[in-house]
Amino acid sequence: MNENLFASFITPTMMGLPIVILIIMFPSMLFPSTTRLVNNRLVSIQQWLIRMTTKQMMTIHNKKGQTWALMLISLIMFIGSTNLLGLLPHSFTPTTQLSMNLGMAIPLWAGTVILGFRHKTKASLAHFLPQGTPLPLIPMLVIIETISLFIQPMALAVRLTANITAGHLLIHLIGGATLALMNISMTTAFITFVILVLLTVLEFAVALIQAYVFTLLVSLYLHDNA
Amino acid sequence: MFQSLMINVWVPMKPYYTQVYQEIWVGMGLMSLIIYKIRSADKRAKALKGSSPAPAHGHH
């Protein structure tokens, strides 16, 4: 049972060849490019959604921050579509791998920090000390703020990994429990099945929310530094 | 193939790759440095474990 539980998280190979790159590139096939002035229904709906998200996310930024719009919107589309596709049975979700989430979090976080130090050096250094700190507390608070700065990429990556992995594991466990209970007591199996349906609805929400949270936090770090 | 790649990818994205994402490239360099350090430490640990096959807990 333990072997089966974690089997969906190993990087997939087909006849010895790693196909994880193909799986990561797959969601981009679901967003066709806009070639005409008036597109078909799928592209129009996607464009409307993307415009709505862009307006929502990018209004807080100044001109310099808004140059990151392409990166942030691509990020939320990628994480959202990858998480949602992972809810299909027997599919592999790349965002369950910590390596991939660290690969997304570290360059983006480091980019915002370096941007801040490059363009607004004094303001970036001032972030290490909140306003109105009493004098004796200053050394300790600078250390705490530095640690909290370096924790940011780890927190970004681990938050996404843990949420998606935990959701998938729960679905596996409760689905297995439902199957096992069917031979013992149909009522309990039915209750467990209702729990499974509710959990799946929750996982849909979590998939989208986690994408939003990841992108929002990167956008916040950008806003502090740009 | 490379010509279509240049026209469709590089030409529209050139200001992004050359100016806007400069800091992200530095971040990617930092990330590759971290990956290199972790891999080399792992290789060194595996080589050390392989060269000394005596068990860590000796028979008392």
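Computed from heavy atoms alone, side chains included, the values below leave out hydrogens, waters and symmetry copies. Residue numbers start from 1 in every chain, and the chains themselves are labelled A, B, ... in the order their sequence lines are given, proteins ahead of strands.
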At a heavy-atom separation under 4.5 Å, does B/Leu30 approach chain A through its side chain, its backbone, both, or neither?
side chain
Is it the case that atom CE in A/Met154 sees more than 12 heavy atoms from other parts of the structure closer than 6.0 Å?
no
Please look at B/Ile34 and chain A and tell me whether the side chain, the backbone, both or neither of the residue comes under 4.5 angstrom of a heavy atom of that chain.
side chain
How about CD1 on A/Ile21, more than 12 heavy atoms from neighbouring residues, nucleotides or ligands closer than 6.0 Å, or not?
no
Checking B/Gln22 against chain A: side chain, backbone, both or neither under 4.5 Å from a heavy atom?
side chain
Nearest heavy-atom approach of B/Tyr16 to A/Thr67 is CE2-O, 3.5 Å
Taking the side chain as C-beta and beyond, is there a heavy-atom pair between B/Glu23 and A/Thr112 under 4.5 Å?
no
Could you tell me whether A/Phe204 atom CZ has more than 12 heavy atoms of other residues or ligands within 6.0 Å of it?
no
CD1-CD1 distance between B/Ile35 and A/Ile106, expressed to the nearest 0.5 angstrom:
7.5 Å
Start with the C-alpha gap between B/Met13 and A/Leu70, add the side-chain angles, then the distance that decides, and say whether side chain to side chain contact (heavy atoms under 4.5 Å, CB included) holds.
CA-CA 10 Å; B/Met13 295 291 285; A/Leu70 190 64; 3.7 Å; yes
For the student: nearest non-hydrogen atoms of A/Ala110 and B/Gly27, plus distance:
CB-CA, 3.7 Å
Taking the side chain as every heavy atom from C-beta outward, state whether B/Trp25 and A/Ile114 have any atom pair closer than 4.5 Å.
no
So which of A/Pro107, A/Pro153, A/Ser99, A/Gly111 has the largest heavy-atom pair count under 4.5 angstrom toward chain B?
A/Pro107
